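Both counts, for ligands and for their atoms, begin at 1 and track the order of listing. Quantities reported herein were computed from a predicted structural model and do not represent experimental measurements.
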Amino acid sequence: MSRNLKAMIGPSILNSDLSRLYEESQKLLDNGADYLHLDVMDGHFVPNLTLGHPVVKCLRNKIKDVFFETHMMVSKPEQWIVPMADAGVNQYTFHIEPVDNVEEVCRKIKENGMKVGLAIKPGTPVAEVDKYISISDMVLIMTVEPGFGGQKFMQDQMTKVKYLRDQYPLLNIEVDGGVGPSTISCCAEAGANMIVSGTAVIGAADQAATIRTLRDTVQQAINKR
Ligand SMILES: O=C(CO)[C@H](O)[C@H](O)COP(=O)(O)O
Ligand SMILES: [Fe+2]
């Protein structure tokens with residue numbers, strides 16, 4: 001069943017030197033990253049600001065053939081669908097918590113040629129996202145409170161990952177927050193296959209080895225399942 005599921009590592013550039021966004025991103029890709037996870041914050045849904053579609057578009061102009069996921073930590077995800085599609089985003093992952101009509105947002109994302117990711121915060125029950133699985137391409141289970149990089153991994157969120165993996169053997173399940181070599185095993189065993197890692201990868205002495213360790217651990221768990 002798990003034969004088509006693939007381990008993928010998408011580093012978060014949140015805690016990198018953002019004045020060198022292109023260089024930092026290219027370095028991660030040269031070191032084996034499968035995709036880039038771009039954290040977009042609006043200072044409202046979360047108490048922090050990062051980058052928006054103009055920056056994503058500039059990055060896309062320099063990096064052509066790489067899968068860009070934007071993690072939209074914003075109060076009005078519907079507002080940024082068209083600009084992000086225009087910026088060359090491949091997957092638009094948004095939090096369902098502030099959204100009244102999740103189906104409608106999913107429909108607009110697809111209409112604009114992007115894949116749909118649905119994200120939930122640590123306090124949101126998995127049942128809230130379970131009802132939308134059929135219209136999504138991926139579910140993101142946050143393993144920290146969204147807003148800042150470098151926080152401590154919340155292991156209790158693994159029950160959500162395990163629940164989803166048991167129900168949906170081929171669903172892309174992503175984890176994000178505090179994930180690195182010391183926390184990857186429980187993510188892999190619970191069933192996550194798309195791994196966001198910020199601080200642990202950016203700050204690693206050997207980025208390529210760290211990315212390889214994360215991917216190998218996840219792929220081994222997939223192969224065993
Ligand atoms: O969405 C995020 C924070 O809201 C980031 O993607 C996440 O925190 C990654 O950074 P780290 O691995 O350092 O926790
Ligand atoms: Fe993120």
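- Remark: K121 is positioned above the aromatic ring of F45, its terminal NZ or CZ atom under 6.0 angstrom from the ring centre and at most 45 degrees off the axis.
- Distance from atom 12 (O) of ligand 1 to its nearest protein heavy atom, with residue and atom name: G198 N, 2.8 Å.
- Between the R215 side chain and the A33 main chain, no donor and acceptor come within less than 3.5 Å of each other.
- Of all the atoms in ligand 1, the ones that sit under 4.0 Å from a non-hydrogen atom of H71 are 1 (O).
- Residue M73 is not grouped with residue Y35 when hydrophobic side chains (ILVMFWY) are merged at heavy-atom distances under 4.5 angstrom, including chains of intermediate members.
- For the pair A200 and ligand 1, no heavy-atom separation below 4.0 Å is found.
- Within ligand 1, counting atoms from 1 as listed, the ones closer than 4.0 Å to a heavy atom of G149 are 8 (O), 10 (O), 13 (O).
- Looking at S197 next to ligand 1, no N or O pair under 3.5 Å apart turns up.
- Between atom CD1 of residue I96 and atom OG1 of residue T124 there is a gap of 6.5 Å, rounded to the nearest 0.5 Å.
- Considering backbone and side-chain N/O of G150, one or more are found under 3.5 Å from N/O of ligand 1.
- Taken to the nearest 0.5 Å, the CD atom of Q26 stands 12.0 Å off from the CZ atom of R20.
- Checked against the Fe ion (ligand 2), the N, O or S atom of D39 at the shortest distance is OD1.
- Between R107 and E103 there is no salt bridge, since no side-chain N of the basic residue sits under 4.0 Å from a carboxylate O of the acidic one.
- In terms of polar-atom proximity, D39 is counted as a contact of ligand 1, with an N or O under 3.5 Å from an N or O of the ligand.
- In this structure, the protein non-hydrogen atom closest to atom 13 (O) of ligand 1 is T199 OG1, 2.4 Å.
- Each of the atoms 14 (O) of ligand 1 lies under 4.0 Å from some heavy atom of G177.
- The atoms of ligand 1 that sit less than 4.0 Å from any heavy atom of P146 are 4 (O).
- Using a 4.0 Å cut-off to heavy atoms of H37, the atoms of ligand 1 that qualify are 6 (O).
- Among protein heavy atoms, the minimum distance from atom 4 (O) of ligand 1 is reached at G147 N, 2.8 Å.
- Side-chain contact between V116 and I135: absent, with no pair of heavy atoms (C-beta onward) separated by less than 4.5 Å.
- Here the angle at the Fe ion (ligand 2) defined by NE2 in H37 and ND1 in H71 stands at 100°, rounded to 10 degrees.
- Residues P11 and I202 are not in side-chain contact: their nearest non-hydrogen atoms beyond the backbone lie 4.5 Å or more apart.
- At distances below 3.5 Å, at least one donor-acceptor pair connects side-chain atoms of Y92 with backbone N or O atoms of P77.
- The single protein non-hydrogen atom nearest to atom 8 (O) of ligand 1 is F148 O, 3.4 Å, given as residue, atom name and distance.
- Its N, O or S atom nearest to the Fe ion (ligand 2) is what matters here, and for D176 that atom is OD2.
- Residue contacts with ligand 1 for D176 involve side-chain atoms from C-beta outward but no N, CA, C or O (heavy atoms, distance under 4.0 Å).
- Under the 3.5 Å distance criterion, the side-chain polar atoms of K224 are left unmatched by any main-chain donor or acceptor of E189.
- Residue T93 holds its OG1 atom at 10.0 Å from CE of M114, rounded to the nearest 0.5 Å.
- For ligand 1, the atoms closer than 4.0 angstrom to any heavy atom of G178 are 11 (P), 12 (O), 14 (O).
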